[in-house]
Amino acid sequence: MFKITTIAILTFTTFAQAQNRTPDFSFSLGKTNYFILETKGKAKAKNDTAFYNLYRLGKTQAIAKEIKSVVNKTTKDTLKSGNYEVAKNSISFYIMGKKQPVVERVYTQNLKGLLSLKTIVTDYKSAGMGVVEVPPATHSVVADRQNNPLIEVDVLPEFPGGMIAVRKYIANNLQYPDEAQEEEVEGTVRAKFIVEVDGSVTNIQIETKLGYGCDEEVIRVLRKMPKWKPGELNGKPVRTYFRVPVTFKLQ
């Protein structure tokens, strides 16, 4: 089930901080350049909240403010997590909370350079016992033949169906290892792999290990992935690194 709403986007006033910081991520939609700054919420707030702030370059204008993460200060539990991906003429922000629908907010640029917003709310229940985080979109860089990371790609690799499909695929195939359940082990496995020019996934590496069979389970699931659409640099497909954090949490 999903719900779609469409509204026009009005630009806000210029923020001075946008002019004094190096962007965390820059990209283009058609001939218009945009950038993202990551900021934190008020220190006295109940939860620690981080935001993605979307700006249009040139006469710097703030376009949107989307949630990156919400963390309970007391328990340190992540209440919500988010990320984004850039397509040919749009940028999508994803917000995911435990046992909550996945919210996708899509900013699409028309031929006149104006943005419209479409919000899609998808009912989603994980079939596996692992809670899957959104893969970070800013860590895609070209890998040379010796698997060394080089420069950032122009177009990120894309899983069939997009970021929501990545979460669904991993959650539907991930099995919580018996040993980890018996020992009540929880935590995050962070994996890195290469999306080849033909879209296949190779060179899977575990950067942050959890043990108790969790690392091997993540590798098993990633190896079975269908082919991706490869990343591009200067209009040509390239071998591209991609990182995926997978969190195991007992229900």
Side-chain angles (χ1 to χ4, degrees), residues 12-13 15-25 35-55 62-85 91-107 117 119-139 163-164 166-168 170-171 174 176-177 180-192 206-212 214-215 217-218 243-251:
F12 310 137
T13 57
F15 287 90
Q17 68 177 45
Q19 299 174 331
N20 300 321
R21 282 186 51 188
T22 300
D24 293 292
F25 182 66
F35 66 93
I36 289 175
L37 292 179
E38 298 180 11
T39 59
K40 295 183 178 180
K42 296 180 180 180
K44 295 182 179 180
K46 179 180 178 181
N47 299 315
D48 285 325
T49 305
F51 297 97
Y52 294 120
N53 298 272
L54 175 63
Y55 293 89
I63 304 298
K65 188 175 185 178
E66 301 289 348
I67 291 176
K68 177 183 178 182
S69 63
V70 180
V71 178
N72 185 295
K73 287 184 177 180
T74 303
T75 65
K76 304 302 180 183
D77 289 336
T78 299
L79 306 179
K80 291 184 179 181
S81 62
N83 216 314
Y84 56 87
E85 67 174 341
I91 179 170
S92 298
F93 291 87
Y94 301 89
I95 306 170
M96 182 179 178
K98 184 177 180 182
K99 297 183 179 179
Q100 295 179 10
V102 176
V103 179
E104 179 182 1
R105 292 167 59 81
V106 185
Y107 295 83
L117 170 64
T119 300
I120 303 173
V121 181
T122 305
D123 292 334
Y124 167 56
K125 294 183 179 180
S126 171
M129 296 185 68
V131 179
V132 184
E133 295 180 355
V134 183
T138 55
H139 288 285
M163 304 302 271
I164 291 179
V166 172
R167 290 194 296 269
K168 287 184 177 180
I170 297 178
L174 192 72
Y176 215 122
Q181 293 186 61
E182 292 172 0
E183 297 295 331
E184 298 184 354
V185 172
E186 297 181 331
T188 300
V189 176
R190 301 186 185 277
K192 178 176 71 173
I206 301 299
E207 295 186 306
T208 303
K209 297 182 178 180
L210 187 58
Y212 296 91
C214 296
D215 309 330
E217 177 60 14
V218 170
R243 286 182 168 86
V244 178
V246 180
T247 297
F248 290 83
K249 187 174 181 64
L250 295 169
Q251 306 296 318

Between the CG atom in D24 and the NZ atom in K68, the distance rounded to the nearest 0.5 Å is 7.5 Å
Name the orientation class of the two ring planes belonging to F248 and Y176 (parallel below 30°, tilted from 30 to 60°, perpendicular beyond 60°).
perpendicular
Those residues at least two apart in sequence (or on a different chain) that pass salt bridge (charged side-chain N to carboxylate O under 4.0 Å, His left out) with D215 are none
The reported gap from CG in N83 to CD1 in I67 (rounded to nearest 0.5 angstrom) is 13.5 Å
When every non-hydrogen atom of Y94 is compared with those of Y84, the smallest separation belongs to CD1-CA, 4.4 Å
*Could you walk me through whether L54 and E66 pass the side chain to side chain contact (heavy atoms under 4.5 Å, CB included) check?*
CA-CA 8 Å; L54 175 63; E66 301 289 348; over 6 Å; no
Output for pair (N72 CG, T78 OG1), nearest 0.5 Å, gives 9.5 Å
When every non-hydrogen atom of V218 is compared with those of A191, the smallest separation belongs to CG1-CB, 4.1 Å
Evaluate the side chain to side chain contact (heavy atoms under 4.5 Å, CB included) criterion for residues V185 and L210: first the C-alpha distance (whole Å), next the side-chain angles of each, then the deciding distance (0.1 Å), finally the verdict. CA-CA 8 Å; V185 172; L210 187 58; 3.9 Å; yes
Please say whether more than 12 non-hydrogen atoms of neighbouring residues, nucleotides or ligands are located less than 6.0 Å from OH in Y212. no
Nearest heavy-atom contact between C214 and P177 is N-CG, 3.7 Å
Heavy atoms of K73 and A45 approach each other most closely as NZ-O, 2.7 Å
If you draw a 6.0 Å radius around NZ in K40, do more than 12 non-hydrogen atoms from other residues or ligands fall strictly inside?
no
Here the pair of heavy atoms bringing A64 nearest to Y107 is CB-OH, 3.1 Å
Exercise for review: Before accepting this row, confirm whether a basic side-chain N of the pair E207/K192 lies closer than 4.0 Å to the acidic partner's carboxylate O.
Suggested key: yes
Practice problem: Compute whether any side-chain donor of one residue and acceptor of the other, for S81 and S69, lie under 3.5 angstrom apart. | Solution: no
Output for pair (R190 CZ, I206 CD1), nearest 0.5 Å, gives 11.5 Å
Evaluation steps, side chain to side chain contact (heavy atoms under 4.5 Å, CB included), between F25 and I91: CA-CA 12 Å; F25 182 66; I91 179 170; 5.6 Å; no
In terms of heavy-atom contacts, R105 and T119 come closest through NH1-OG1, 3.5 Å
Value for OH (Y55) from CD1 (I63), rounded to nearest 0.5 Å, stands at 10.0 Å
Interatomic distance, OH@Y52 vs CG@L37, rounded to 0.5 Å, equals 12.5 Å
